[in-house]
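Heads up, the thing below is written out as structure tokens.
In each ligand, atom 1 is the first atom listed, and ligand 1 is the first ligand listed.
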Amino acid sequence: MRDEERDQRERPERPRPVPGALSGLPAGSAGLAVTELVAAALRPQAGPVVAVGGAVVDATPAPVKDWAIRQFGTADKLVLQLGILAVLTMLVMALGVLAVRSRRLAAAGVLLLGAVGAVAAVSRPDSAGPTDAFPSVGGAVTAALVLHLLAGRLTAMRRTPTPAAHGAGTRAEGTAGVLPPAEAGGRDRRSFLLAAASAAAASAVVGAAARSLSTSRGQDAVASRRRVVLPAPGSPARPVPGRARLRLPGITPFVTPNDDFYRVDTALTVPEVDATAWRLRIHGEGVRRPATYSFDDLLGRELVERDITLTCVSNEVGGPYVGNARWTGVRLADLLAECGVEPPSRGGPADQLVSRSVDGMTLGTPVEVVMDGRDALLALGMNGEPLPFEHGFPVRMVVPGLYGFVSACKWIEDIELTTFASYDPYWVRRGWAREAPVKTQSRIDTPRPFARPKAGPVMVAGVAWAQHRGIAKVEVRIDDGPWQEARLAAEAGRDTWRQWSFPWQASRGGHTLTVRATDRTGVVQTGRRTRTVPDGADGRHSVVVTVE
Ligand SMILES: Nc1nc2c(c(=O)[nH]1)N[C@H]1C(S)=C(S)[C@@H](COP(=O)(O)O)O[C@H]1N2
Ligand SMILES: [Mo]
């Protein structure tokens, strides 16, 4: 009997997973907070969540990426980062459980996580070098230390039986000279909880400091944007005819306001570039006079203003990734000519213009297209204001007629003349086409899918686009009926979309409305549906409605 009693007293309790897992949380949050602070001080892009997220984005196959864009739209990045945080939370909880058994193994696990973040940060295309490992390393060391400390308290707590486990131990007993086990257990528990709470509180303080530091760092960029005054364009946009804008409920407006303009990019944190420090370098094959331009250099040139509709190759038939804005900028062809660049048709050696952004994105555009006389711009303004940060401040490219992924480089900082044969930019390496003119497309904006309009006159309306070729005709078909011509709004220009409308005498029952466009080269939008990969979706948009 005596032996059994002693056993009960001295044998450590079996490790309990719940407090272990809970000790992983303050350790993880302390690590993450330090990570954020170091990243805010050094480079926000070097933070492990952003770096690992970026690596995941880059490694995701095109069809999965397409699916994610479809599922989550512009929230895809938030979903990805929350996913990474969820995985991280589970891992630190598991490491917390492990720490109760082996503090050394758990610390090694935490450091391994840090190593993953460090490697991701250092190997990003826009990495600033080995220092990008600092946020991950600092965070991992912090998390390992906190976990070590908490697991130590937990182990101490376990060695002394707790009052609950023995159903004994009242305050009165504790007044004896020697601390009874029950009281010691309570003390250890308090010390564990205190340590865990302190770690959590310290993480909150450090996290807040990291946020305010990163805000203040972004302020130079914000201030530089606020100071920009766009001079009146030397070459203003052609006035948009009044009849280019249909005033119909539910139709997409002719000009897309900046806040509604779709956003597609791989940037997990929007680059905030200080325009005063910004430079654009033009160099490469056949560049006889390589040059570097500042933002003021560009602002001092003749500005041209153009209405241009931008489309994403990932836009599904009927999808939302298309927008029309009034861009202000400088002619890219003029800059290239100044640098001594000749297009291939005049003997120039380079057929591909590779634009590179501050976040390491690369896009390839045919030199011939950029220099064929169309309004290929280095845009500084969007709808009368400096570019919003999300849309590429301080400078981006816009080339009418080409999908964004082969032309519209945001946060641009480098233009290199090269050949298609010798260099594949980012999207091409992931299965997208080298060259991608926008396909002729049209979309029904109203009625909405599954609407229930009343029988009688129903206005069917939407937009159609075939940038740089222009829209010649839009037709609508009801069910399997004949194609009937829609009314086209006036043409603002060949580089913009065109609104259209079709007054329909709707009869009761279910109906399928289909639209197709014909461009000015005679190409009719095909009925054969294709995927967005590799060079944009083909097919016609249909909407099913029930007329009551
Ligand atoms: N730096 C950078 N530029 C970029 C991209 C990107 O991921 N990074 N995405 C391109 C794509 S695919 C499109 S469709 C357009 C979208 O421009 P927007 O976000 O201003 O609409 O930007 C292009 N420029
Ligand atoms: Mo795109």
Side-chain angles (χ1 to χ4, degrees), residues 45 50 53-54 57-58 60 62 65-66 68-70 73-77 80 124-126 255-273 278 280 308-316 319-327 329 353-365 376-383 385-415 425-439 441 465 467 497 531-537:
Q45 299 87 334
V50 172
V57 169
D58 291 355
T60 306
K65 208 178 288 185
D66 240 31
I69 291 176
R70 267 202 308 284
T74 306
D76 56 349
K77 297 183 184 71
L80 173 63
R124 298 268 61 221
D126 60 336
V255 175
T256 313
N258 290 354
D259 287 344
D260 299 341
F261 208 96
Y262 80 91
R263 177 183 160 206
V264 172
D265 57 57
T266 58
L268 289 178
T269 51
V270 175
E272 293 190 337
V273 180
W278 177 88
L280 171 70
I308 300 168
T309 299
L310 189 62
T311 314
C312 181
V313 70
S314 293
N315 194 44
E316 301 280 329
Y321 301 134
V322 52
N324 182 49
R326 175 160 288 190
W327 307 94
L353 180 157
V354 171
S355 47
R356 212 172 257 110
S357 70
V358 301
D359 63 334
M361 170 56 65
T362 51
L363 293 82
T365 314
L377 301 182
L378 282 174
L380 323 172
M382 183 178 184
N383 290 328
E385 55 169 302
L387 291 178
F389 287 109
E390 292 80 12
H391 296 290
F393 181 83
V395 180
R396 76 174 304 169
M397 263 173 66
V398 178
V399 182
L402 303 184
Y403 283 119
F405 82 107
V406 289
S407 67
C409 187
K410 306 195 273 189
W411 316 293
I412 191 172
E413 66 171 3
D414 187 282
I415 287 179
Y426 183 92
W427 297 104
V428 175
R429 274 179 263 145
R430 287 163 179 77
W432 297 82
R434 288 201 170 78
E435 301 199 32
V438 175
K439 292 185 176 176
Q441 270 291 338
W465 60 90
Q467 289 94 307
W497 59 16
R531 298 194 309 157
T532 54
V533 188
D535 63 354

Check Arg124 with Asp58, please: is the shortest side-chain N to carboxylate O separation under 4.0 Å? yes
Spacing of Phe393 atom CZ and Trp278 atom CH2 [to the nearest 0.5 Å]: 10.0 Å
Do Asp265 and Trp411 have side chains that approach each other closer than 4.5 Å (heavy atoms only, starting at C-beta)? yes
Would you give the length of the straight line joining atom CD of Glu390 to atom CZ of Arg263, rounded to the nearest 0.5 angstrom? 6.0 Å
OG1 (Thr362) and CZ (Phe405) are apart, to the nearest 0.5 Å, by 12.0 Å
Taking the side chain as everything from C-beta on, heavy atoms only, tell me whether Val406 gets closer than 4.5 Å to Trp427. no
Under 4.0 Å from ligand 1 - residues by heavy atom, chain and number: Phe261, Tyr262, Arg263, Val264, Asp265, Thr266, Leu310, Cys312, Ser357, Asp359, Met361, His391, Arg396, Gly404, Phe405, Ala408, Cys409, Lys410, Trp411
